[in-house]
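What follows is one structure encoded as structure tokens, with my remarks underneath.
All values below were derived from every heavy atom in this structure, side-chain atoms included, with hydrogens, water molecules and symmetry-related copies excluded. Keep in mind it's a predicted model, so treat the numbers as computed, not measured.
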Amino acid sequence: MRKVDIRVEKWPLHEPFVISRMAPQLNGEVVVVEVEENGQLGRGECERMDVFEEGYPDVLAMVQSVKKALEDGVSREELQTLLPSGAARNAVDCALFELEAKLAGVSAWQLAGQSDAPQPVTTVFTLSLGTPEAMAQAASRNQHLPILKLKLGSEGDIERVRAVRSAAPTPRLVIDANTRWSFSQLKQYLPELKALGVEMVEQPLSPDEEHLLDGFESPIPIVADESCIDRSSLPVLKNRYQGINIKLDKTGGMTEALALLKEAKAENFEVMVGCMLGTSLAMAPALLLAQEARWVDIDGPLLLSEDRTPSLAYHDGEVTPIDGVWG
């Protein structure tokens with residue numbers, strides 16, 4: 001019989017995190033799952049998305065609903081049928097993934113079927129949605145970083161990008177409109193975004209309008225985020241998006257994320273690996289996926305006032321693997 005611990009943790013942010021469709025976040029709030037078996041401990045973490053996003057299922061209740069199954073020895077494969085894709089399954093799946101690797105005496109990257117140990121990757125640093133002046137100030141403070149991600153999705157977005165580019169002329173830029181643009185705005189904005197050096201646009205349209213992307217030829221890649229959950233999403237995305245954003249809190253853990261990565265590559269999608277707010281415990285599995293991504297957004301711990309120990313090493317936009325099973 002396994003020992004299972006489920007708990008909620010709050011991690012204060014440096015400053016409020018603002019995106020277009022949600023109220024500002026002052027804390028990162030996560031669910032941590034620990035599963036112990038034969039002296040080995042597996043841990044996983046997910047964001048309590050229901051706390052911040054109206055209508056999202058109760059993450060903590062969903063995790064607690066499988067506690068008995070975890071104690072009785074449920075496998076990762078069996079877990080896929082007990083919980084749907086989403087944050088709750090992610091915390092449990094990653095805990096079981098780490099536990100399985102430790103019990104087998106292998107590293108997580110070996111269990112994932114990768115041929116080499118993970119190497120450092122370059123991650124974006126995210127600038128919250130704000131006035132053009134505020135975003136320019138944030139960009140100026142972080143212009144030494146290699147790539148900035150701008151949260152957009154409100155009136156004056158082009159002015160925001162212009163202000164950021166003026167304040168930070170050298171970093172690469174990607175943007176995330178979080179479903180808040182119309183198709184007409186997207187068509188209007190794209191030429192200037194390209195001229196300003198933006199290399200990717202993430203999830204510009206709402207579900208009601210994204211069908212208008214069918215066959216649309218964009219001058220820069222458009223990446224599906226909210227519209228890409230797991231492998232079942234890919235057929236609809238095929239002729240609309242050039243890339244997909246894989247997030248563990250959407251796929252429901254490493255088991256499905258690895259399968260999604262493989263299938264997306266086979267379908268010639270560009271791959272981005274993203275994250276929700278969280279600590280290095282949530283980012284370490286994502287770093288494995290990031291080994292095969294064009295864009296990496298695993299900067300969650302940089303938005304926190306402090307990270308857990310041990311932690312990933314972040315330095316000037318580069319993320320170095322954590323020591324231990326995930327390294």
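Here Ser232 pairs with Asp230 under the side-chain contact (heavy atoms from CB on, under 4.5 Å) rule; sequence neighbours left out. Evaluation of the side-chain contact (heavy atoms from CB on, under 4.5 Å) rule for Glu199 yields Ile147, Arg172, Val174, Trp295 as partners, not counting sequence neighbours. Partners of Gln203 by side chain to side chain donor-acceptor pair (under 3.5 Å), not counting sequence neighbours, listed by chain and number: Ser227, Tyr241.
One distance of note links CD of Gln114 with CG of Leu258; it measures 7.0 Å at 0.5 Å rounding. Here the CZ atom belonging to Arg2 is positioned 6.5 Å from the CG atom belonging to Leu70, to the nearest 0.5 angstrom. A distance of 6.0 Å separates CD in Glu202 from NZ in Lys151, rounded to the nearest 0.5 Å. Atom CZ of residue Arg240 and atom OG of residue Ser218 lie 15.5 Å apart, to the nearest 0.5 angstrom. Distance check: Arg294 CZ to Met272 CE gives 11.5 Å after rounding to the nearest 0.5 Å.
The aromatic rings of Phe97 and Trp326 sit parallel, their planes meeting at an angle under 30°, below the 60° perpendicular limit.
Counting heavy atoms from C-beta outward, Val32 and Arg308 have side chains that approach closer than 4.5 Å. Using a 4.5 Å cut-off on side-chain heavy atoms (C-beta onward), Val121 and Gln291 make contact. A 4.5 Å side-chain heavy-atom check between Cys228 and Leu260 finds at least one atom pair inside the cut-off. In this structure, the side chains of Ser182 and Glu209 come closer than 4.5 Å at one or more pairs of heavy atoms.
Shortest non-hydrogen contact noted between His144 and Asp316 is CD2-OD1, 3.4 Å. For the residue pair Pro57 and Asp50, the shortest heavy atom distance occurs at O-CB, 3.2 Å.
By the 4.0 Å N-to-carboxylate-O rule, Lys247 lies too far from Asp297 to be salt-bridged with it. For Glu71 and Lys68, the salt-bridge test fails: no basic side-chain N is under 4.0 Å from an acidic carboxylate O. Salt bridge annotation for Glu9-Arg7: present, with a cationic side-chain nitrogen under 4.0 angstrom from a carboxylate oxygen.
Between the side chain of Arg160 and the backbone N or O of Gly130 there is at least one donor-acceptor pair closer than 3.5 Å.
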